[in-house]
2 protein chains.
Amino acid sequence: MIYTVGEAAKVLDVAPSTIRYYDKEGLLPFVERSGGGIRVFKEKDFDWLLIIECLKKSGLQIKDIKRFIDMALKGDETIDERLELFQNQRKKVIKQMEELQQTLDTLDYKCWYYETAKQAGTTAVHDHLSVEDIPEHLRSAKENLDRLHRRG
Amino acid sequence: MIYTVGEAAKVLDVAPSTIRYYDKEGLLPFVERSGGGIRVFKEKDFDWLLIIECLKKSGLQIKDIKRFIDMALKGDETIDERLELFQNQRKKVIKQMEELQQTLDTLDYKCWYYETAKQAGTTAVHDHLSVEDIPEHLRSAKENLDRLHRRG
DNA sequence: CCTTGACTTAAAGTTCACTTTAAGTTGTAT
DNA sequence: ATACAACTTAAAGTGAACTTTAAGTCAAGG
């Protein structure tokens with residue numbers, strides 16, 4: 001089974017121009033062409049594209065993905081470097097998830113804040129609330145928002 | 001305790017130009033000025049800045065954060081809208097975390113892939129591996145990478 | 001009073017990742 | 001043979017979020 005750029009784009013749910021852009025940036029040196037110069041995507045090309053997608057989602061920039069592609073094409077002599085790259089991206093993603101969890105905690109607190117305000121008809125209900133009035137699982141998020149007040 | 005833009009920037013660990021940019025975009029209408037026109041940040045301003053930071057980390061664009069600020073300044077009549085905004089951002093962040101978890105699973109598989117290749121001295125070890133050779137917790141990530149092969 | 005570092009603004013510049021445009025070519029279907 | 005959709009490229013354009021520059025002002029210390 002072979003695919004044109006438009007068909008490959010549909011499979012991957014991206015714009016054809018995105019794939020052409022990646023190619024132009026040197027991310028797809030393995031994609032072959034027809035006699036007339038049209039890109040011909042094969043099954044194995046999707047393996048590459050999915051790894052590119054993964055690296056992109058992990059926050060790697062296009063130019064650094066290109067460096068990975070270049071490494072991979074060099075063969076076994078770059079195994080160590082490539083392992084290191086994936087280990088680094090793994091750590092970065094774990095950090096991102098921790099930060100997102102913090103953001104989620106704050107959003108949870110704010111949802112409770114506005115639910116409470118909605119019931120009372122005013123945000124002023126929060127003016128005289130003490131720590132015990134805040135649901136336990138939201139207290140650390142609230143303290144985090146307050147942390148800058150206990151500075152200096 | 002009051003702060004200049006440079007001092008506030010240090011507390012929040014951002015560039016002073018970033019804060020000025022936010023102000024220009026209408027995110028900081030509550031920040032007062034000295035007689036000479038210099039921004040004066042007070043404790044309560046940091047409450048706003050932390051919420052702005054949270055919304056930004058949740059993926060909200062500057063122009064939409066501005067809309068939230070405008071809403072908040074309108075007072076109690078916008079409580080419902082603001083609640084909805086935070087509930088939406090909460091859902092978006094949960095989705096982002098799920099996607100990041102998928103990315104992490106793929107990275108975990110790739111780390112194992114290169115660790116194994118490193119020990120063998122070649123990525124060719126993977127050519128004749130069967131499913132049972134892949135650690136159980138990595139199999140779904142591997143299948144995910146292979147999913148496009150079982151198409152059509 | 002004067003120096004000096006940090007502040008002010010408007011406007012231009014940067015980076016990233018695409019997307020769009022324009023002009024032309026390929027390949028399939030009738 | 002011809003029409004037509006989808007392909008090709010280079011180059012220009014977009015949008016988001018800042019950052020930098022330039023020219024000038026403020027305010028605290030000596």
Side-chain angles (χ1 to χ4, degrees), chain A residues 1-42 45 48-69 89 92 96 99 103, chain B residues 1-42 45 48-69 89 92 96 99 103:
Chain A
M1 196 58 184
I2 63 166
Y3 303 79
T4 65
V5 71
E7 290 161 350
K10 264 183 197 161
V11 171
L12 296 165
D13 196 29
V14 298
S17 62
T18 303
I19 296 185
R20 293 197 188 99
Y21 166 69
Y22 287 178
D23 195 6
K24 201 181 66 178
E25 294 301 307
L27 265 50
L28 315 176
F30 42 80
V31 173
E32 293 176 18
R33 302 288 183 123
S34 74
I38 291 188
R39 272 171 279 251
V40 175
F41 291 80
K42 308 204 176 131
D45 296 331
W48 286 100
L49 286 162
L50 289 178
I51 294 303
I52 288 169
E53 186 188 30
C54 169
L55 289 172
K56 203 185 53 163
K57 283 184 179 172
S58 78
L60 208 64
Q61 289 179 206
I62 301 293
K63 64 169 187 276
D64 294 317
I65 297 178
K66 176 180 163 40
R67 295 199 347 182
F68 163 73
I69 300 287
Q89 290 313 111
K92 283 190 201 163
Q96 282 179 59
E99 279 192 34
T103 299
Chain B
M1 196 57 184
I2 63 166
Y3 302 80
T4 64
V5 72
E7 289 161 350
K10 264 182 198 161
V11 171
L12 296 166
D13 196 30
V14 298
S17 61
T18 302
I19 296 184
R20 294 197 188 100
Y21 166 69
Y22 286 177
D23 196 6
K24 202 180 65 176
E25 294 301 308
L27 266 51
L28 315 176
F30 42 81
V31 173
E32 292 175 19
R33 302 287 184 125
S34 74
I38 290 186
R39 272 171 279 250
V40 175
F41 291 80
K42 308 206 175 126
D45 297 331
W48 286 100
L49 286 162
L50 289 178
I51 294 302
I52 289 170
E53 186 188 30
C54 169
L55 289 173
K56 203 184 52 162
K57 283 184 179 173
S58 79
L60 208 64
Q61 289 178 207
I62 300 293
K63 65 169 185 275
D64 294 317
I65 297 177
K66 176 180 164 40
R67 296 200 346 180
F68 163 74
I69 299 287
Q89 290 314 110
K92 283 190 202 164
Q96 282 180 59
E99 280 192 34
T103 299

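Just so we're on the same page: letters track the sequence lines, and every chain starts at 1.
- If you check D:dT8, C:dT8, D:dC18 against the side chain of B:K56, the one that comes closest is D:dC18.
- What separates NZ of B:K66 from P of D:dC18 is a distance of 17 Å, to the nearest Å.
- Contact check, A:T18 against C:dT19: a side-chain N or O comes under 4.0 Å of OP1 or OP2.
- Side-chain N/O atoms of A:T4 include none lying less than 4.0 angstrom from OP1 or OP2 on D:dA6.
- Heavy atoms only, all atoms of each residue included: B:D23 and B:L28 are closest at OD1-O, 3.5 Å.
- Listed candidates were D:dC18, C:dC7, C:dC18. Nearest to the side chain of B:V5 is C:dC7.
- Among the nucleotides C:dT20, C:dC7, C:dT9, the one closest to any side-chain atom of B:I38 is C:dC7.
- In terms of heavy atoms, B:P16 sits closest to B:G6 at CG-CA, 4.3 Å.
- With the nearest nucleotide of DNA chain D identified for both B:A15 and B:K63, B:K63 has the one nearer the 5' end.
- The side chain of B:Y22 places an N or O atom within less than 4.0 Å of a non-bridging phosphate oxygen (OP1 or OP2) of D:dC18.
- Atom P of nucleotide C:dC18 and atom CG of A:D13 are separated by 13 Å, given to the nearest angstrom.
- For B:S17 and D:dT20, the shortest distance from a side-chain N or O to OP1 or OP2 is not below 4.0 Å.
- Per the geometry, CZ belonging to A:R39 stands 4 Å off P belonging to D:dT8, to the nearest Å.
- Remark: C1' of D:dA17 and CG of B:L28 are 15 Å apart, rounded to the nearest angstrom.
- Summarising the geometry, the separation between CZ on B:R20 and C1' on C:dT8 is reported as 7 Å, rounded to the nearest angstrom.
- Taking atom CD1 of residue A:I19 and atom P of nucleotide C:dA17, one finds them 17 Å apart after rounding to whole Å.
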**OP:** Verify side-chain contact (heavy atoms from CB on, under 4.5 Å) between A:W48 and A:I69, making sure each step is shown before the conclusion.
**Re:** CA-CA 9 Å; A:W48 286 100; A:I69 300 287; 3.7 Å; yes
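- The OH-C1' distance, from A:Y21 to C:dC18, rounds to 6 Å in whole Å.
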**OP:** Mind running salt bridge (Lys or Arg N to Asp or Glu O under 4.0 Å) on A:K66 and A:E25 for me, showing each step along the way?
**Re:** CA-CA 7 Å; A:K66 176 180 163 40; A:E25 294 301 307; over 6 Å; no
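- Whole-Å rounding puts the A:K24 NZ to C:dT20 P distance at 14 Å.
- Within the nucleic acid shown, A:E25 has no heavy atom closer than 4.0 Å to any nucleic acid atom.
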**OP:** Might you work through the side-chain contact (heavy atoms from CB on, under 4.5 Å) test for A:L49 and A:L27, ending with a clear yes or no?
**Re:** CA-CA 9 Å; A:L49 286 162; A:L27 265 50; over 6 Å; no
